[in-house]
Amino acid sequence: MSEIRTRIAPSPTGDPHVGTAYIALFNRCFAHNRKGKFILRIEDTDQTRSTGQSEQDILAALRWLGLDWDEGPDMGGDYGPYRQSERSAIYSNHIETLLQKEKAFHCFCSSERLDKVRLQQMEAKQQPGYDGHCLALSKEAVQEKLDAGEKHVIRMKIPDSGECVFTDLLRGEVHINWEQIDMQVLIKSDGLPTYHFANVVDDHLMAITHVIRGEEWINSVPKHVLLYEYFEWEPPVFCHMPLLRNPDKSKLSKRKNPTSINYYRAMGYLPQALVNYLGMMGWTMPTGVEKFSMDEMTNALSLERISLGGPIFDIEKLDWLNGKYIREDLSDEEFIAEFANWAFQSEKVEAIVPLLKQRVERFSDVVSLGQFFISAGVQVSVESFQHKSLDKDACLKILQFSLWHLESVGNWQRDSIEGKLQELANSLEIKIRDFLFPLFVAVTGKAVSISVIESISIIGLDITRARIRSAMAVLGGISKKVAKNLEKEYKQLS
Ligand code: GLU
């Protein structure tokens, strides 16, 4: 049998997500269990959302977890380039093939027309999707439009009846009606491929044998298998992993649980414990042991034994496991080394020291002044938020609005954070000093401390979010109804 090849294909559009690490782990363990290769491919065809910074962060986070790869954009390999933005010529050649085979077609419909069609379909309670308007164009008409430089996309043809049947390793045969499948855009009007097209072409050209990915992609498989059929390629084995869930069973989201790998790193989890925990999502070792290394998982993994019940990402359980690793695996010397490594990460310390130096008289002051930079959280009570002109509801509103506003800071630097918060204070017509008060308390635990904006820029969005959220809980939280009203008010502001 040919070499087993698996891949993780992150889109570099945000923080490195624990879900990416979870999928990477299963791909890596499976490939290495079969003496195959694990590949990292960057899917950055969405040029408006992809950033080089996010790519670097994802690579660094995966590497921190020990989830390194055999081929990838940073190290090359026989099947490169491994970054989709460098593979444009490949997609252009391949779309030509599909056009020639008449499996794909040019579509010149305006977005206004598409919106109108969609609206009509929704009103008629039909499945929304492209209505095939441009399929009726003659070859000559298409050529004329192309010669005139008319804006267009390229879509794939879809059978108009019958069903697509494919096999998923964990679910067996899956049936999906073609009527439910849209005539997917393969090449966008900017000439770049969509996820579906680039993903299939690359999986084939990179000789991927097993596509192991999150269950959210299962409804896309019909488009993918159809593309394999159009190209006359053999499709890979599909295995859709169960989605990670919050303790309330909803899909894991940063609104309820920190999802960035950077958060877990900043909070002082051991990478091997986090990897072990992710390995427990949907998988149990044949022996039933809960603590196992990546090598042990690699030796034991069989995909068939993955369970489809939604695995819960529960921080309390992770804490328990991490504590077990600290107690059982670290000698005192190793503990000191690991702790120092974590606490004195050079970048963070370099940012904190100038702030502390101005304010301390003795080294022993450093701990009380600076502890909020590294502690898991801060101790606050309702009384901590007492203020001459802001009541509890005003504090809650400022915290919630600030959180929403901070989410939209693109470049996480002191000045942009300050600009954002100032802008919010202005629109709320609250003096900046008063406005910052609840944030000060939530983030630093005190009403007066090191500049809160400086502090937020150092501890990062994930920890800031966690602190704001826990402060809101201390203040009694907000009901769904109040949240809805606040959201409305916030939208009007921006
Ligand atoms: N780029 C996709 C993602 O970000 C990859 C999905 C897949 O593995 O096919 O999840």
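Counting starts at 1 for both ligands and their atoms, in listed order.
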All heavy atoms of Ile158 vs all of Tyr230, minimum pair found to be N-OH, 4.2 Å
Suppose I only count heavy atoms of [X] and a 4.0 Å limit; which atoms of ligand 1 are within that range?
X	answer
Ser11	1 (N), 4 (O)
Asn199	7 (C), 9 (O)
Tyr195	2 (C), 5 (C), 6 (C), 7 (C), 9 (O)
Glu43	1 (N), 2 (C), 5 (C)

re atom 8 (O) of ligand 1, the protein heavy-atom contact at minimum distance is Arg7 NH1, 2.6 Å
shortest atom 5 (C) of ligand 1-to-protein heavy-atom contact is with Ala9 O, 3.3 Å
Task: N/O separation below 3.5 Å, Pro10 to ligand 1 - done: no
Next on the checklist: Measuring centre to centre across the rings, with the benzene-like ring taken for any Trp, is Phe313 within less than 6.0 Å of Tyr264?
Outcome noted: yes
Donor + acceptor pair across side chains of [X], [Y] (<3.5 Å):
X	Y	answer
Asp202	Tyr91	yes
Glu150	His106	no
Asn246	Ser250	yes

Within less than 4.0 angstrom of ligand 1, does Glu216 place any heavy atom?
no
Geometric cation-pi criterion Lys291 and Tyr325, 6.0 Å radius, 45° cone:
yes
